[in-house]
*Asks:* 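The structure under discussion is supplied below as structure tokens; questions concerning it will follow.
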Amino acid sequence: MLSTAGGSPVVSAPLIELGAPVLGEAEKRALAEVIDDGWLTMGERVRRFEQAFAALHWIDDAVAVNSATAALQVSLAAFDVGPGDEVLLPSMSFVATASVVVHAGATPVFVDIESPDRPHMSVEDARARITPRTRAIMVMHYGGYLMDMPRWRALADEFGLLLFEDAAHAVGLSGAVGTLSDAASFSFFTNKNMTTAEGGMIIISDEARRARARLLRSHGMTASTLARDRGRAVGYDVVECGHNFRMDELRAAIGIVQIERLPVWNDRRRTLTEEYRALVSSTTPDVVVPFERAHRTTAHIMPVLLPESADRAAVMARMRASRVQTSVHYAPIHRFEYYQRTSGPWSLPNTELFSRRQLTLPLHPRLTSSDVERVVETLRDALAQRQA
Ligand SMILES: *Cc1c(COP(=O)(O)O)cnc(C)c1O
């Protein structure tokens, strides 16, 4: 882009976005079809989206809802997690991981991460926080990096606990997510690996619990509006105190298009992540990239750890001035005002260290290799200015 300032041309580089959904003609056509058909809310497209989602993850069936937050809430309710129960979960997550536990009437118990270069909830620290009131464990696949599910299942079984997955970052880890837990929740929010603008999905392998989740998402009613509209059901009963967490046909129509392209996008994200890894280690060796290169992932985000001495806010400001967006994933949940006021105090040293040094670089399927080079150069320059 060329612009003029004070008579002399100033070249301003194009903005490199942190993330960006891939949407196009296929999504527009899918939306137009729904409008032409005229049935707007939960119906046959939602069902097709559920089946496509289940097939992608090599499981029998799935339940669509209108967000991952709703998915988590329904999962906890389907297993009667409630007052008096403690749920172990990571503080290094998005706040919804904890707020759903509070909404269930249960108590969140924050667990530290393994180490700053492995920001997964620690099995050892979780074990140390188990009490007679512990009812469930909620793991979160940070950045889409697969948790060690066999180890978590073993810990849950040893103490007779339920195991839930916040798999908001982990859509598409076929055969791995949703297979060893009691329930897994996925997100289709705009910044996730595939999107329906807002939306979520639940995998529950137990058929009876899955049927319960279906009831809970729609007022606990025994017949859907579609079934009644099509004359397949006359009346209905209410057998649970449910919610309106339904997905609509417009979102499902977008989801059906997006899910077909997801494997290619996830591959592209992984390739870009490898390029980042190689460039960061050769040009900015004092910056750490968490997790091993071979760790299975959806590459949802590109986290790095800045050197202890770096001023992160200044680095982010310099990168922004060079037209590169960055972010932080995450401010630890236990440090938010609400959680400080209502729980704790908590000792989570690795979480706090990681959170102070963490920086998220741009990553999305439309990023190019030269974008990655520009991001890493910008990062190197932003860090170098600190010493100057
Ligand atoms: C995005 C996200 C959620 C919430 O997803 P919504 O679909 O927006 O409700 C929950 N947990 C994690 C880890 C997330 O990243």
Side-chain angles (χ1 to χ4, degrees), residues 18-21 46 49-50 53 62-77 87-104 108 110-111 113 119-121 136-147 152 164-173 177-178 181 183-203 213 216-217 243-248 250-252 254-255 258-259 262 266 269 290 297-303 327-334 336 339 351 354-355 358 360 363-364:
L18 186 68
V46 170
F49 183 33
E50 290 176 340
F53 191 87
V63 181
V65 286
N66 56 15
S67 71
T69 308
L72 290 164
Q73 225 169 307
V74 165
S75 302
L76 295 173
V87 180
L88 299 165
L89 52 89
S91 175
M92 182 40 60
S93 185
F94 180 62
V95 67
T97 314
S99 62
V100 293
V101 171
V102 177
H103 282 305
F110 294 109
V111 178
I113 53 170
H120 271 165
M121 181 159 72
I137 303 170
M138 173 91 74
V139 300
M140 196 281 270
H141 304 280
Y142 179 94
Y145 291 80
L146 181 66
M147 297 288 287
W152 284 101
F164 297 102
E165 287 171 82
D166 178 339
H169 297 184
V171 180
L173 292 184
V177 285
S181 63
S185 298
F186 301 83
S187 176
F188 311 126
F189 181 61
T190 316
N191 65 5
K192 300 302 200 285
N193 286 31
M194 61 168 280
T195 189
T196 59
E198 300 278 359
M201 195 72 79
I202 315 167
I203 293 178
L216 287 166
R217 88 174 148 183
H243 305 268
N244 175 2
F245 287 159
R246 290 185 301 264
M247 178 176 275
D248 60 72
L250 295 155
R251 288 185 165 78
I254 298 177
Q258 292 258 310
I259 201 168
L262 180 77
N266 281 359
R269 287 172 175 274
T297 185
T298 61
H300 170 53
I301 54 172
M302 185 63 224
S327 184
V328 171
H329 290 87
Y330 292 93
I333 300 172
H334 74 281
F336 287 131
Y339 290 92
T351 297
F354 178 78
S355 169
Q358 196 275 344
T360 304
L363 183 60
H364 57 82

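As the structure lists them, so they are numbered: ligands from 1, and atoms in each ligand from 1. Basis for what follows: all heavy atoms, side chains included, without hydrogens, waters or symmetry-related copies.
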*Asks:* Can you pull out the closest protein heavy atom to atom 14 (C) of ligand 1? Residue, atom name and distance to 0.1 Å, please.
*Replies:*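 The answer is Ala168 CB, 3.4 Å.
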*Asks:* What part of Asp166, side chain from CB on, backbone N/CA/C/O, both or neither, has a heavy atom under 4.0 Å from ligand 1?
*Replies:*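 Asp166 to ligand 1: side-chain contact only, backbone stays beyond 4.0 Å.
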*Asks:* Please could you name the atoms of ligand 1 that Lys192 approaches to less than 4.0 Å, counting only its heavy atoms?
*Replies:*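 Contacts of ligand 1 toward Lys192, numbered from 1: 1 (C), 2 (C), 14 (C), 15 (O).
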*Asks:* Looking at every non-hydrogen atom in both residues, tell me the closest pair between Thr297 and Gly143 and how far apart they are.
*Replies:*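 Smallest interatomic distance, heavy atoms only, reads OG1-O, 3.6 Å.
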*Asks:* Identify, by atom number and element, the atoms of ligand 1 in contact range of Gly199, meaning under 4.0 Å from any of its heavy atoms.
*Replies:*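 Counting from 1, the qualifying ligand atoms are 7 (O).
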*Asks:* Please check this pair: side chain of His141 against backbone of Leu146, looking for a donor-acceptor N/O pair closer than 3.5 Å.
*Replies:*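 Here the side-chain-to-backbone pair does not exist.
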*Asks:* Can you name the closest pair of heavy atoms from Asp248 and Val46 and give their distance?
*Replies:*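 For Asp248 versus Val46, the nearest heavy atoms are O-CG2, 3.7 Å.
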*Asks:* Is a side-chain donor or acceptor of Ser185 paired with a backbone partner of Asp166 at a separation under 3.5 angstrom?
*Replies:*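 No; judged by distance alone, with no hydrogens or angles, the pair does not exist.
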*Asks:* Considering only non-hydrogen protein atoms, determine which one is nearest to atom 3 (C) of ligand 1 and report residue, atom name and distance to 0.1 Å.
*Replies:*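 The closest heavy atom on the protein side is Phe94 CD2, 3.6 Å.
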*Asks:* Give every donor-acceptor pair under 3.5 Å between a side-chain atom in residues 64-73 and any protein atom, sequence neighbours left out.
*Replies:*
residue	atom	partner	partner atom	Å
Ser67	OG	Thr69	N	3.3
Ser67	OG	Ala70	N	2.9

*Asks:* At less than 4.0 angstrom from any non-hydrogen atom of Ser93, what atoms of ligand 1 do you find?
*Replies:*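 Under 4.0 Å from Ser93, ligand 1 has these atoms: 13 (C).
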*Asks:* At less than 4.0 angstrom from any non-hydrogen atom of Tyr330, what atoms of ligand 1 do you find?
*Replies:*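 Ligand 1 atoms under the 4.0 Å threshold to Tyr330: 15 (O).
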*Asks:* Counting non-hydrogen protein atoms only, what is the nearest one to atom 8 (O) of ligand 1? Give residue, atom name and distance.
*Replies:*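 Nearest neighbour among protein heavy atoms for atom 8 (O) of ligand 1, to 0.1 Å: Phe189 CB, 3.7 Å.
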*Asks:* Below 4.0 angstrom from a heavy atom of Ala68, which ligand 1 atoms are there? Numbered from 1 as shown, please.
*Replies:*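 Every atom of ligand 1 under 4.0 Å from some heavy atom of Ala68: 4 (C), 5 (O), 6 (P), 7 (O), 9 (O).
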*Asks:* With heavy-atom distances below 4.0 Å as the criterion, list the atoms of ligand 1 near Met140.
*Replies:*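 Those atoms are 13 (C).
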*Asks:* Kindly state whether the ring of Phe354 and the ring of Tyr142 have centres lying under 6.0 angstrom apart.
*Replies:*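 Yes, the ring centres sit under 6.0 Å apart.
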*Asks:* How about Arg269 and Leu363: do any of their side-chain heavy atoms sit closer than 4.5 Å?
*Replies:*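 When only atoms from C-beta onward are counted, Leu363 and Arg269 do touch, with a gap below 4.5 Å.
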*Asks:* Aromatic rings Phe49 and Phe188: how do their planes relate, parallel, tilted or perpendicular, breaks at 30° and 60°?
*Replies:*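 Aromatic pair Phe49/Phe188 classed tilted.
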*Asks:* Can an N or O of Glu198 be found at a distance shorter than 3.5 Å from an N or O of ligand 1?
*Replies:*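 No, since none of the N or O atoms of Glu198 sits under 3.5 Å from an N or O of ligand 1.
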*Asks:* Considering only the protein, which heavy-atom contact is closest to atom 9 (O) of ligand 1, and what is its distance?
*Replies:*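 In this structure, atom 9 (O) of ligand 1 has Thr69 OG1, 2.5 Å as its nearest protein heavy atom.
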*Asks:* Name the orientation class of the two ring planes belonging to His334 and Phe110 (parallel below 30°, tilted from 30 to 60°, perpendicular beyond 60°).
*Replies:*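 Rings of His334 and Phe110: tilted, 30 to 60°.
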*Asks:* Looking only at protein heavy atoms, identify the closest one to atom 15 (O) of ligand 1 and say how far it is in Å.
*Replies:*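 Closest protein heavy atom to atom 15 (O) of ligand 1: His169 NE2, 2.8 Å.
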